[in-house]
Amino acid sequence: MSEHSRRKITFTKNASPVVDPPAVNEGQGGYPNRVSTTRFTLATWLPKSLFAQFQRVANIYFLFVSVIVCIPDGPMAWPATVLTFLGVLLWTALKDLYEDRRRKRDDDAENLRRCMRYNAQSCSFEEVNWKDVLAGDILLSFADEAFPADVLLVRAAGGQAFISTVNLDGETNLKERRAADLLSAITDMPEAGPDVPRGEQAREQVLKMARMVVEMHPYSLHIHERPLTLVKFNYDGDFFITCGKDGEVNLIRTETCERVGTYNPPGEKAGAVFAVDVTMDSTYVVTANADGKLCFYTFKGEHVSAINHGGVLKYVEWNLKPGDQNMVCTCNDKFKSQSEGLVPNRIMIWSFDPPRRILSIDDQLPMKATKVKWGAFDETLVSIFEEGTVIVWDSSDGRQLQLIQAHQMAVTSMNFTEDRMIMATCSKDGTAKLWTLDDYECIKEYKTDRPLNDVAISPLYCSENNCKMHLLMGGGQDAKDVAVSGASGAFEALLWHMVYEEEIGSVKGHIGPLNSIAWFRDGAGFVTGGEACMTAKHLQEEGLQVELDVPKAVLTDMDGSLELKSASSTAQAKMQEVEVKIPCKLGYELFVPRGCVLRNTLYVISIAAFCGPHTKTRMNAAQAVGKVSNMQVYLNRGVQGLVVALALWCTYCTIAGEVQGETEKHWFLRFLFYWIILYQIIPVSLYVCFEIIKLSLAFQINRDPSMVDLRTQQPATARTADLVEEMGQVNFVFSDKTGTLTENEMVFAHCCVGGKDLGDFRKGGKLDIQEEAVGVAEAKRVLADPADPLHSQALWFFLNLATNHSVQVETGANGKKIFEGSSADEVAFVDAANAVGVTFASRTRLAGTSHTELVVKGPGPQEFTFTNVCEIPFTSDRKRMSVIVKHVGEYWCMCKGADNIMGPLCSRPLDGTLGESLTQYSKLGLRTLVIAAKKMDLSFTEDWLSRWKDASLESEDREKKLAEIAAEVEHSLEPAGITAIEDKLQEGVPEAIVSIKAASIRFWVLTGDKTETAVEIAKSCRLFTPSMTLAYLVNCSSEQQALSLLEEAKTKLQDLTDGGLVIDGTFVQQVLSSANGRPMLYELAMSSTCCVCCRLSPQQKRRLVELVKDMNKTGITLAVGDGANDVPMIQGAHVGIGIRGKEGNQAVQASDVAISQFRFLVPLLYCHGRRAYRRVATFICYMFYKHTTLAVGDIFYAHQIAFVPQIAYAEWLNSAFASVICGLPVLVVVSLDTDIPDEVSVASPDLYIEGLQRMRFNGPLLVAWVLSAFYHGGVSWLIPNLTVGSVDEEDGSEFWYSSCISFCLVVIFVNFRLWMVAESPFSKQTVGIIVFSFLSLAVTLAVLAETPLGTDMMQPKIAGALSAMFTEARYAAVLFLTPLLLLLDLAVYQAIAYFNPYPLTAAKRKLWWSKRQKKVAFRTSPTQTRMDIIRLSMQETSPHFRVTAPSCTESCMRQAER
């Protein structure tokens, strides 16, 4: 069977899973999960690269030239042409190789990532590379780790997992995943091991296991229900004692790992036991309890006595003197209670019999001590502190003997060698250190990548016969941090070599931090705190069989089924209990795609379903269709035109030669020879230089500090360099609203309940709880008074808000609820309900089902429990969300959505006070939603749920069937109220829109909001002005009505210069399907300056963009958005701008340029776009001009010699001209040339008109450049040739000397033209590169004409040309006097710049005069006036300068005064 067919994975006891067909795990050489994106190997690199290069028409053209230039007796030597072309091919091939090596490096980084896989033979999880993962492997993943394959979820901490799919689809919101009902049922059995619950108890129940590790092979033991705090062996090592935060103290037999006893005080147990110790003769045990008591027991567990120590005891240890262990040392936390008062941090020594205090140290402690231990011979005490210090005390009188600044952060643990001569410490800073206790010197330091909670030295460290210099460290964060931060694979025991400072091994598999570690007395192993591998073993014992469908690219298309082939009676009973159907069908919500990251979940156990090329990530890795800029199209057309002109010229020369009697060579050969002579009119490096310039322009966007978001420090990013110049020619801007113009930070503003507005819930722009805004106070009052007429309605409304959502809740360290959800609206709803006392408290997955239990607390002591049995999610088409919940035996359908959608679904119209509230809220610019619900029939609901579940597992037409079933319940709803949410405008949006409109760019806002809301937002962002006339095209039901609305709008806006349009989705749907309506809408759009489009779907947004593109073939459209619903619009526009927002990264991933704030669009267009257009246009015109100028000499020479195919310039000079002499200068000048400061450019929208009207690149301008090329090329050739040269090569040096002079004149002319068109002609880079060009010319002539390399091998015809030009007067006169004709060019250029300047030229002139006038005023003004001028100058500079330059300003002031 093929690996692409359906597959089965069958688990059997103590064996690897059986996968059918076997080909699934045999692909890619037995590494089916290996990723390879490289294009070739070293052996296939050159052939494949060349094959790809010759897919370009330009390279085929140059290959044709390289072939014909090799024809014998041709006019040009082949090396100059062929070697240049080969150099270009080799450069591109090396670039391909470099890029492929980078892809290989990225592949290796992916393939060599580590994950944990279950080993059936050793019954443990082992670390393996991602590439080694096979289909059917059982994997263990921790929080913040990525999944190595498409996996089927088996078990998650708390029954539900949350994943981030940002790497797959760009969405930043977390998505919930759960295990299938069958897997949830069998993992809920005791045989599968205990679980770590989520919710409020999660942080206190992270560790639930102890784990025995013997020679790195783990054995699991479940002994504590709360985090384990300490493990302690007795002296003989045949027993160890554990204590934990559950108050349990257990005695475990080492050999059998069975619990043989417990230590419990009389009465109630302590809340937690933090430490335990046993005497060396195993007679007595002492515990340090959280209630401040020292409890003493016999080793067998009998309670002996207790000492009321006070505070919260953190550690206790018996003294070390053999035969006289009658003392214990202790330390406690600072504690305050009514009974004890304030108990300070203390270190104390107590005697056991009789019980009395011997010593107390409490006035010298810098911070609370976390552990204290006896030093050598009981003469000292050594304590560690949270401030990173270790202090040594005299145990007789409490004097401080030594203070050691051991670590940068809190010291968490210390331990000693048995002789107490070496101490090991560890810290939260991830380091462990060894210290000598005679001079307190640090002798070793070990650095890890995680916080360390405990450290221990191997007991064999001092053994003469079996010395093992091993250091054991326990990794992980504090238990209190895990539930919030999602600490990941740092939960492991690290075994290090003490001398070589190398990690020897590690033991993983824990689901929480290791708070304690302890060596066996014989050094053969150790005990840590962690979790077992029982779940994987249980799957094998039950004979789980997974059947999966063929791999599919669609993200939501994953199907299959589950069965148990050898189910135990217990498993069968469990499945009957929770009503699991066999076979159990699988849907996409039970799978997690490769690359997704586990979030807010401690661990997940899963089965690898699809690997490598069969994963969703790889199957969706196809490249998007690229966009081509209009300048690229113009360049291609220009090249095509040059090819046609070249063909016509060769034909003309061939025919003219025949007429002149040139019959020495066949006419076809002469045609080819003429082609060879003029082929460089299209330079080999043309497209290479074009790409380099665009890369330079994109680099400048990426490095622009003015477009760095100060909040996130993210710069603008040009994701493609191909379209930068199009941003300087934009005619239409299409913008999303939410998250693009607004912050997408939703704040609950108002609500209408029972026909009454409860007031504003905001204070200071935010939802107010502490000071209680008007709305919050009123809602609390109503909810607190059952007699209030609105009480029941308000309670039901806020219960809907607290229940109908997919939000997750965590409890912060301060006890405050933290809500996280995929929708900012939903979080705002839950926050509002919480503010008025109706608090969403927890969400718990019910074992063996897909249901969740929601607990809502309040108002007051009330508590409501809802079972969410079904969620009908929100989509852009449905525009609503519903949940089916069960409460007190009754089913309810709770629904929320847009008013235009919810209106028809409600049992009564949304009119009266509800309708008035909707209108009022919309006019305030608020986003509104309707909240509604209804009670459902019990029997109908149970039948409906069964059909919904079946439809959700269908493989075909799933969405359609789900929509049909959803419609059966989403009707006859009773409105509960209206919500209104504020979404504030981003900083600088109004100014940005005004600036864009000032450049005559038409601005359209495309949004899904209702009309009133969108119009108010348009007014607040100054898209619509108070004086603007608006034409409404809304609420359209037919094509005829749409055409009628267009006519009315046309009449209304006729002859107006400031008109705007308001259209909605109903109108768009009708008009875009009308052949007559499309051009009418476009004409109306052209007659207005802006437009707001409401209630649009994502595809309608794209169709509007495509309408403009279709109706205006030369216009450039730009679309900007931040969410997934904006992707069609972004992809459909000429230029797509993605804003990094709160709706994920999909818009950014689909965009051409990514920015962080909408206001950055202004510098992007006015600075980078405008300059890019000017630079690219100048480059194209100059390249055509430059090579035409050189080709004119060959054209004139052909006429002079009766069309004999001979070259006018030496071959190697031609090659040097195109590459170094005149090729490099245009790259430098065009890429680095600056015009005016950014702040002036941003403040001058009129400069953008150059791109809108295509002033820098058009037909007449290109003709002017070509005519100039003929003039310069003709002058450069004819003057030297007719005055000091000859037309006959047989004359020897005269012809070639004049040819070299002509070549020099061409270089002078083209460089002078480049200098004239440069916007900063006197800048260092412009002057420097032109000087470099002339130096390159001199060096080239010197090598070719004056060295044996040139005269003997490369260009013997021009030997002595350079010296002749400077030694013979006639040659020098022509060379230096002819360029004076350039003064005529300069005069003409200045006249044009004066009488018909570009807007940029006029702006530069105005800026120059302004600076000059300020200088004059400064020189002639008194001191005080000079200071005012300086202040004014500072204010006119950029905002960044004003912020950072006060000291500079003061310095200028003082200098002015002097």
Where C1181 and L1262 come nearest, the two heavy atoms and their spacing = SG-CD1, 4.2 Å

Nearest atoms (heavy-atom pairs only) where F1257 meets I1180 = CE1-CG2, 3.5 Å

side-chain hydrogen bond (donor to acceptor under 3.5 Å, both in side chains) evaluation trace for D1233 with S1231 | CA-CA 6 Å; D1233 190 26; S1231 299; over 6 Å; no

In sequence, state the C-alpha distance, the side-chain angles, and the governing distance for Y61 and F85, and then conclude on ring-ring contact (aromatic ring centres under 6.0 Å, His included).
-> CA-CA 11 Å; Y61 166 77; F85 180 51; 9.6 Å; no

Is the distance between the ring centroids of Y1185 and F1309 less than 6.0 Å?
-> no

Kindly state whether the ring of F1322 and the ring of W1315 have centres lying under 6.0 angstrom apart.
-> yes

Please collect all salt bridge (Lys or Arg N to Asp or Glu O under 4.0 Å) contacts where either partner lies in residues 1180-1190, sequence neighbours excluded, each pair once.
-> none

salt_bridge([X], [Y]) N-O dist < 4.0 Å:
X: E1250; Y: R1170; answer: no
X: E1294; Y: K1357; answer: no
X: D1152; Y: K627; answer: yes
X: R1174; Y: D1235; answer: yes
X: E725; Y: K694; answer: yes

Can you check side-chain hydrogen bond (donor to acceptor under 3.5 Å, both in side chains) on Y1173 and N630, steps first, answer last?
-> CA-CA 11 Å; Y1173 166 69; N630 63 339; over 6 Å; no

Do the numbers put R39 on top of the ring of W45, so that NZ or CZ is under 6.0 Å from the six-membered ring centre and no more than 45° off the axis?
-> no

R1256 charged N/C atom sitting above Y1398 aromatic ring, 6.0 Å / 45° = yes

Run the side-chain hydrogen bond (donor to acceptor under 3.5 Å, both in side chains) check on N1281 and Q1200 step by step: do they pass?
-> CA-CA 10 Å; N1281 187 265; Q1200 289 176 301; 3.0 Å; yes

Verify whether one side chain among D722 and Q632 offers a donor that lies under 3.5 Å from an acceptor in the other.
-> no

Is the number of heavy atoms from other residues, nucleotides or ligands under 6.0 Å of F699 CZ greater than 12?
-> no

How about F1270: does its CZ atom have over 12 heavy atoms from other parts shown lying under 6.0 Å from it?
-> no

Determine all donor-acceptor pairs shorter than 3.5 Å in which one atom belongs to a side chain in residues 644-656; sequence neighbours excluded.
| residue | atom | partner | partner atom | Å |
| --- | --- | --- | --- | --- |
| T651 | OG1 | A647 | O | 2.8 |
| Y652 | OH | H1199 | NE2 | 3.0 |
| T654 | OG1 | C650 | O | 2.6 |

Would you find a donor on one side and an acceptor on the other, under 3.5 Å apart, between the side chain of Y1248 and the backbone of V730?
-> yes

So, does N731 use its side chain to make a donor-acceptor pair with the main chain of G1115 at under 3.5 Å?
-> no

Reported OG1-to-CE distance for the pair T1188 and M1183, which is rounded to 0.5 angstrom = 10.5 Å

Please test H1272 against D1385 for side-chain hydrogen bond (donor to acceptor under 3.5 Å, both in side chains), starting from the C-alpha separation and ending with a verdict.
-> CA-CA 10 Å; H1272 289 158; D1385 289 68; 2.5 Å; yes

W1277 and F1196: ring-ring contact (aromatic ring centres under 6.0 Å, His included), yes or no, with the steps?
-> CA-CA 8 Å; W1277 175 258; F1196 279 106; 8.6 Å; no

Any side-chain heavy atom of T1189 sitting closer than 4.5 Å to one from Y1271?
-> no

side-chain contact (heavy atoms from CB on, under 4.5 Å) assessment of F1376 paired with Y1371 | CA-CA 9 Å; F1376 291 107; Y1371 294 140; over 6 Å; no

